[in-house]
Each structure stands twice: as structure tokens, then as C-alpha cells.
Amino acid sequence: MSDLTIGGFPLDLLALQLVTGVALGAIYVLVGIGLSLIFGLMNVVNFAHGAFFMAGAYVGVFLYGYTGNFWLSLVAAPLAMGGLGLAVERVLVRPLYGRGIDDPLLLTFGLSYVMIEAVRIAFGLTGLPFGAPPELRGAVDIGIGYFPLYRLFLIAFSLVVVGALWLFIERTPFGLVIRAGARDPQIVQVLGIQMSKIWLAVFGLGCALAGLAGILAAPLQGVTPEMGIPVLAEAFVVTVVGGMGSLAGAVLAGLLVGIVVAMTSLVAPDMTKMAIFALMALVLLVRPRGLLGRAGALG
């Protein structure tokens, strides 16, 4: 450990806590991007996003217990939540388009409680233990100390997912339609593109990202029916701080919120939640649209 200290804390400890914040922020990034995608294109506030996060964790843990294959669970959980998201958009959300922002909000709010109760009935109230797979256990020396291998994997894997998503949004014809639809859906429809299909795909993608974040977070916090409730609040903070509808903003804000949580938990653990909302208030005072938010944009 280094002899240098800042505020009474060794410099090496602060550096390790910073990396911990980046790992935690990776979860916030995935959840925040999913929420930003849905809002940025569809103007739908998905209050069931935390429930999809929780359900993704349960699907992954169940499959891991059944197959013993973590990698299969890592693929299956987002696919299952993406499929469920497609069904929810097609059957429940789509009939509410054009009726204002309140109706989809209330519907997804109620849906979240239905999903939580369904999981309680199926798996019980106490939750399920879940640890990192054997190949990702232990710690490695990263130069400033030993750091859990699973958290390093979490950072690297999330970076790959975000990079792939950026390429999809910025470099594919479908991504071009998504960005165009976020700016002016009427013009896109005039060009003969059915926005309903785009909305369906984007809602499913956002829910899949929430499910992926859920299974990735499971080894860090365990799996309980209520695990999505605090994550939903934190995801909204990420979305607002980054800028509503801004994917780059969601990435930046997710990492920032993760670092704030990690550092505050080291210095003043009881003030962690307050620090998140204080950060949001501070950003909105300086930039009312968020760090990278701008009207009618998705990017």
C-alpha cells in the first residue's frame, strides 16, 4: 500500500475504490442505456425497467442452477427479457400510443408490481444466493492492489456491449432509422417505414439490456424480488443526469453515478443514496437538459 494519503485514506485504497465505482457504473450504464433508448425514441417512461432487471437476474440464476453454464445464462437472460419486452410492447403499451405520457407510465408502473409478485410466488420471498462462476472468482493484481476478477470482467464485458450497441446505432441502416425516428417520426413514416416495428424492436432491446444488467449484477448483490426497485431510481438518475434520450450521456452518467456511490460508501456510507440525488440536482442546476441532452436527439 502507498504511504500517500488523501483525506486520511491511502491513495491505493482510493484508486481501488475508483475502479470499484467503474464496475458498479457499468451496471448503471446498461440499465440507463435501455431506459434512454425507450424514452428517446418512444417517449415512454418505462417504470417496469427495474422489474425487467430483476426478472433477468432470476432467469439467469435459474438457468445457471439447471445447466451449470454461466455463459448460457448470460445469453439467455437478456433474450428472455427481450422477448418479454416485445410481448409487453405489442399487447400492453402499443394501444396507449397517442394518449399522452401518463398512461404508459401508469401501465408499466402496475406491470412492475405484477412481475414482482409473480416472482415472489414462483421463487419465494427470501431470494436466491448467486456467486460468480468458478472461472471468474478470485482477485488479480492490477498494479494498485488486488481486485476481484469478476468485477474486471464486468467492466470489460460492458465495454464490449456498449461498443457493439454504438456500432449498431451509428453504423447500420436500422440504427439510422432509430436515430431518424427519434428526431422526426412523422418524416420517417412518410418515407414508408413503419415506426410501429421500430418501436417494438427498441422496446425489446431496452428490456434485454435491463435483463443483461440483472444477471451481471446478481453475483454482486444476490437475487431478490425487490432488487429492481432501487435500480429503477438509480437508472432514472442516470438518464436525467446524462440527458433524456442521450446514449452517450447515459454512459457518462452511469460511470459518474457508480463512482459517486463507491466513493461516498467509503467516506460516508449512510449518505450514499443522498449523494446520487445531490449529483442529479447539481447537474440540473448547471445543465437543465443533462450533461449531453438535447431536444429531439438520440445519440
Can you give me the closest heavy-atom contact between Pro129 and Val61, atom names plus distance? O-CG1, 4.5 Å

Just by distance, do the side chain of His49 and the backbone of Gly34 share a donor-acceptor pair under 3.5 Å? no

Partner set under side-chain contact (heavy atoms from CB on, under 4.5 Å) for Glu226, not counting sequence neighbours: Arg120, Thr224, Ile229

Beyond-backbone contact of Val44 with Phe39, side-chain heavy atoms, under 4.5 angstrom: no

Rounded distance [0.5 Å steps], CG in Leu18 versus CD1 in Ile259: 5.0 Å

Asp141 vs Phe147, test: side chain to side chain contact (heavy atoms under 4.5 Å, CB included). Steps then yes/no. CA-CA 6 Å; Asp141 189 354; Phe147 194 76; over 6 Å; no

Assess whether atom CZ of Phe168 is packed by more than 12 heavy atoms of other residues, nucleotides or ligands within 6.0 Å. yes

Heavy-atom count check: over 12 atoms from other residues, nucleotides or ligands less than 6.0 Å from Arg94 CZ? yes

Rounded to the nearest 0.5 Å, the CD1 atom of Ile169 sits from the CG atom of Leu176 at a distance of 10.5 Å

Over 12 foreign heavy atoms within 6.0 Å of CZ, Phe174: yes

Is the Phe62 ring parallel, tilted or perpendicular to the Phe123 ring (thresholds 30°, 60°)? perpendicular

Would you say the side chain of Met227 lies within less than 4.5 Å of the side chain of Val223, judging by non-hydrogen atoms? yes

Just by modelled atom types, is the Val261 backbone N or O under 3.5 Å from a matching donor or acceptor in the Thr264 side chain? no

Checking side-chain contact (heavy atoms from CB on, under 4.5 Å) against Val251, which of Val29, Leu159, Leu30 comes through? Val29

Assess the side chains of Glu135 and Tyr150: does a donor N or O sit below 3.5 Å from an acceptor N or O? no

Which distance, rounded to the nearest 0.5 Å, do you find between the CG of Leu209 and the OG of Ser158? 10.5 Å

Identify the heavy atoms of Met81 and Ala55 that sit nearest to each other, and give their distance. SD-CB, 3.5 Å

By the rule that ILVMFWY residues connect when side-chain heavy atoms come within less than 4.5 angstrom, directly or transitively, which residues belong alongside Val75? Leu79

With rounding to the nearest 0.5 angstrom, report the CG to CD1 distance, Leu96 to Ile101. 12.5 Å

Would you say the side chain of Leu24 lies within less than 4.5 Å of the side chain of Thr20, judging by non-hydrogen atoms? no

I need the minimum non-hydrogen distance between Ser112 and Ala51, along with the two atoms involved. CA-CB, 3.8 Å

Rounded to the nearest 0.5 Å, what separation is found between the CD1 atom of Ile116 and the CG atom of Leu111? 10.0 Å

Walk me through it: do Met115 and Leu84 pass the test side chain to side chain contact (heavy atoms under 4.5 Å, CB included)? CA-CA 11 Å; Met115 293 174 66; Leu84 180 59; 3.9 Å; yes

is_close_aromatic(Phe277, Phe236), centroid dist under 6.0 Å: no

Do Val93 and Tyr97 touch side chain to side chain, with heavy atoms closer than 4.5 Å? yes

Apply side chain to side chain contact (heavy atoms under 4.5 Å, CB included) to Val19 and Ile144, showing your working. CA-CA 10 Å; Val19 182; Ile144 54 176; 4.2 Å; yes

Suppose clustering is done on Ile, Leu, Val, Met, Phe, Trp and Tyr with side-chain heavy atoms closer than 4.5 Å. Which residues sit in the same group as Trp166? Leu167

Is it true that Phe52 and Leu220 fall in one hydrophobic cluster, defined by side-chain heavy atoms closer than 4.5 Å? yes

Are the side chains of Thr108 and Val45 in touch, meaning some heavy atoms are under 4.5 Å apart? no

Mind telling me whether Tyr64 and Phe130 have parallel, tilted or perpendicular rings, with 30° and 60° as the class edges? perpendicular

CZ/Phe153 to CG/Leu136 distance, rounded to the nearest 0.5 angstrom? 5.5 Å

Quick one, Trp71 with Phe157, criterion ring pair (Phe, Tyr, Trp, His ring centres under 6.0 Å). Give me CA distance, side-chain angles, the key distance, then yes/no. CA-CA 12 Å; Trp71 308 106; Phe157 184 79; 7.8 Å; no

Determine, step by step, whether Ser265 and Gln17 satisfy the side chain to side chain contact (heavy atoms under 4.5 Å, CB included) criterion, reporting the C-alpha distance in whole Å, the side-chain angles of both residues, the deciding distance to 0.1 Å, and the verdict. CA-CA 9 Å; Ser265 65; Gln17 198 69 7; 3.5 Å; yes

Do Leu279 and Val237 touch side chain to side chain, with heavy atoms closer than 4.5 Å? no

Should Ile33 and Ile155 be regarded as members of a common hydrophobic cluster, given that ILVMFWY residues are connected when their side-chain heavy atoms come within less than 4.5 Å of each other, either directly or indirectly? yes

Determine whether Leu74 and Leu216 make a side-chain contact, defined as any pair of heavy atoms from C-beta on separated by less than 4.5 Å. yes

Within a strict 4.5 Å, meaning less than it, do heavy atoms of the Ile27 and Phe53 side chains meet? yes

